[in-house]
A.B. asks: 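I have a structure I would like to understand better, so I am pasting it below and will then ask my questions one at a time.
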2 protein chains.
Amino acid sequence: MAKSIKHILKKELEIKVGGKLWLESEGERFFGPGPLELLEKIEETGSISNAAKAMNMSYKKAWELMNHLNSQTSSPVVVPQAGGEKGGGSTLTPDGLELIKYYKALRKRFKTFLENESDRLKI
Amino acid sequence: MAKSIKHILKKELEIKVGGKLWLESEGERFFGPGPLELLEKIEETGSISNAAKAMNMSYKKAWELMNHLNSQTSSPVVVPQAGGEKGGGSTLTPDGLELIKYYKALRKRFKTFLENESDRLKI
DNA sequence: TATCGTTATATATTTGAAAATATAACGAAT
DNA sequence: ATTCGTTATATTTTCAAATATATAACGATA
């Protein structure tokens with residue numbers, strides 16, 4: 001077991017190991033907490049523009065996230081429709097839903113990792 | 001074992017799980033890759049100002065990182081001296097060296113986690 | 001006491017990312 | 001054909017973070 005550093009840190013502070021996780025290709029991130037929330041909000045609201053509003057993100061950024069994400073998958077995870085009933089909208093494909101599930105499971109494993117490491121700081 | 005998402009991602013791309021790790025207190029980060037490199041460079045060069053130059057960081061930011069870091073530990077990890085021989089300089093305390101060791105070990109465990117998760121993407 | 005390069009600190013400037021704004025294209029429904 | 005709210009795209013504006021710049025204090029040594 002690795003040595004503790006408890007004695008180094010101020011004992012009155014709650015110190016934790018934090019982190020961030022994403023999927024990347026060619027060193028470029030294309031899926032993380034932001035895109036996850038975006039997909040969830042698109043699923044909820046039926047459009048990119050409403051999703052963006054719901055999460056206080058500019059439409060442009062939301063569109064770019066979505067577009068970049070679609071470029072990394074063998075078939076689109078978000079299908080946008082410009083025009084049509086109610087002006088259009090965007091829907092998630094089954095792959096999109098599966099990606100959400102995968103990332104949430106990954107995030108859970110990461111959470112466990114972080115909690116273990118944070119606990120270790122207290123020893 | 002969790003389900004794979006291999007079929008979702010473009011097969012011609014090298015997709016990996018990436019991440020970032022840090023120490024935080026009260027939700028505020030105070031130690032990560034940046035401060036690690038800073039401590040190492042201070043140890044190498046003997047001063048904050050030289051360390052900052054070596055890693056292409058402004059002196060101000062380097063000083064702030066160092067100062068914030070020192071505020072989270074029971075005793076300083078960097079001891080700065082203004083004035084004196086050669087104008088002064090900064091040295092790491094044993095605690096500072098230990099913090100480096102700890103973070104590198106933590107980073108190694110994280111690397112393993114990321115590699116496992118990345119491998120899982122290929123299955 | 002004069003010198004040195006550093007720490008310490010405040011202020012000004014830059015710059016890069018994000019949001020804000022504007023506009024055209026879209027297409028089902030009426 | 002008109003309407004609707006959306007997608008798609010370009011341009012402008014904003015803002016925060018970082019750098020750049022300037023200056024005083026520091027303290028061992030000579």
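A quick note: this is a predicted structure, and the numbers were derived from the prediction, not measured. Quick note on labels: first sequence line is chain A, next is B, and so on, each numbered from 1.
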A.B. asks: For a quick check of understanding: with a heavy-atom distance under 4.0 Å over all strands, which category does A:N50 fall into, base, sugar-phosphate or nothing?
C.D. replies: sugar-phosphate
A.B. asks: Check salt bridge (charged side-chain N to carboxylate O under 4.0 Å, His left out) between A:K111 and all other residues, then give those that pass, not counting sequence neighbours.
C.D. replies: A:E115
A.B. asks: Quick one: on DNA chain D, does A:G89 or A:N67 contact a more 5' nucleotide (nearest heavy atom)?
C.D. replies: A:G89
A.B. asks: Near DNA chain D, under 4.0 Å by heavy atom, which residues of residues 36-44 of chain B?
C.D. replies: none
A.B. asks: Could you list the residues that satisfy side-chain hydrogen bond (donor to acceptor under 3.5 Å, both in side chains) with B:S49, not counting sequence neighbours?
C.D. replies: none
A.B. asks: If the sugar-phosphate is the primed atoms plus P, OP1 and OP2 and the base is the rest, what is the B/S/- string for nucleotides 13-30 of chain C, using protein heavy atoms under 4.0 Å?
C.D. replies: ------SB-----BBB--
A.B. asks: Ring pair (Phe, Tyr, Trp, His ring centres under 6.0 Å), that's the test. Do A:F110 and B:F110 meet it? Break it down for me.
C.D. replies: CA-CA 9 Å; A:F110 186 43; B:F110 186 43; 5.7 Å; yes
A.B. asks: Under 4.5 Å between side-chain heavy atoms, hopping through other hydrophobics if needed: is there a path connecting B:M55 to B:L39?
C.D. replies: yes
A.B. asks: Nearest 0.5 Å, what's the OG1-CZ distance between A:T112 and B:F113?
C.D. replies: 8.5 Å
A.B. asks: In Å, rounded to the nearest 0.5 Å, how long is the span from OG of B:S25 to CG of A:L121?
C.D. replies: 11.5 Å
A.B. asks: Does B:S4 use its side chain to pair, donor to acceptor, with the backbone of B:I123 at less than 3.5 Å?
C.D. replies: yes
A.B. asks: Would you tell me if any nitrogen or oxygen in the side chain of B:W63 comes within less than 4.0 Å of OP1 or OP2 on C:dA8?
C.D. replies: yes
A.B. asks: Return the residues of residues 90-98 of chain A meeting this criterion: a heavy atom under 4.0 Å from some atom of DNA chain D. Order them by number, or give none.
C.D. replies: A:S90
A.B. asks: Tell me the salt bridge (Lys or Arg N to Asp or Glu O under 4.0 Å) pairs involving residues 34-58 of chain A, sequence neighbours left out?
C.D. replies: A:E37-A:K41, A:E40-A:K104
A.B. asks: When rounded to the nearest 0.5 angstrom, what is the spacing between CD1 in A:I8 and CG in B:L97?
C.D. replies: 9.5 Å
A.B. asks: Give me the atom names and distance for the closest heavy-atom approach of A:G89 to A:S47.
C.D. replies: CA-CB, 4.2 Å
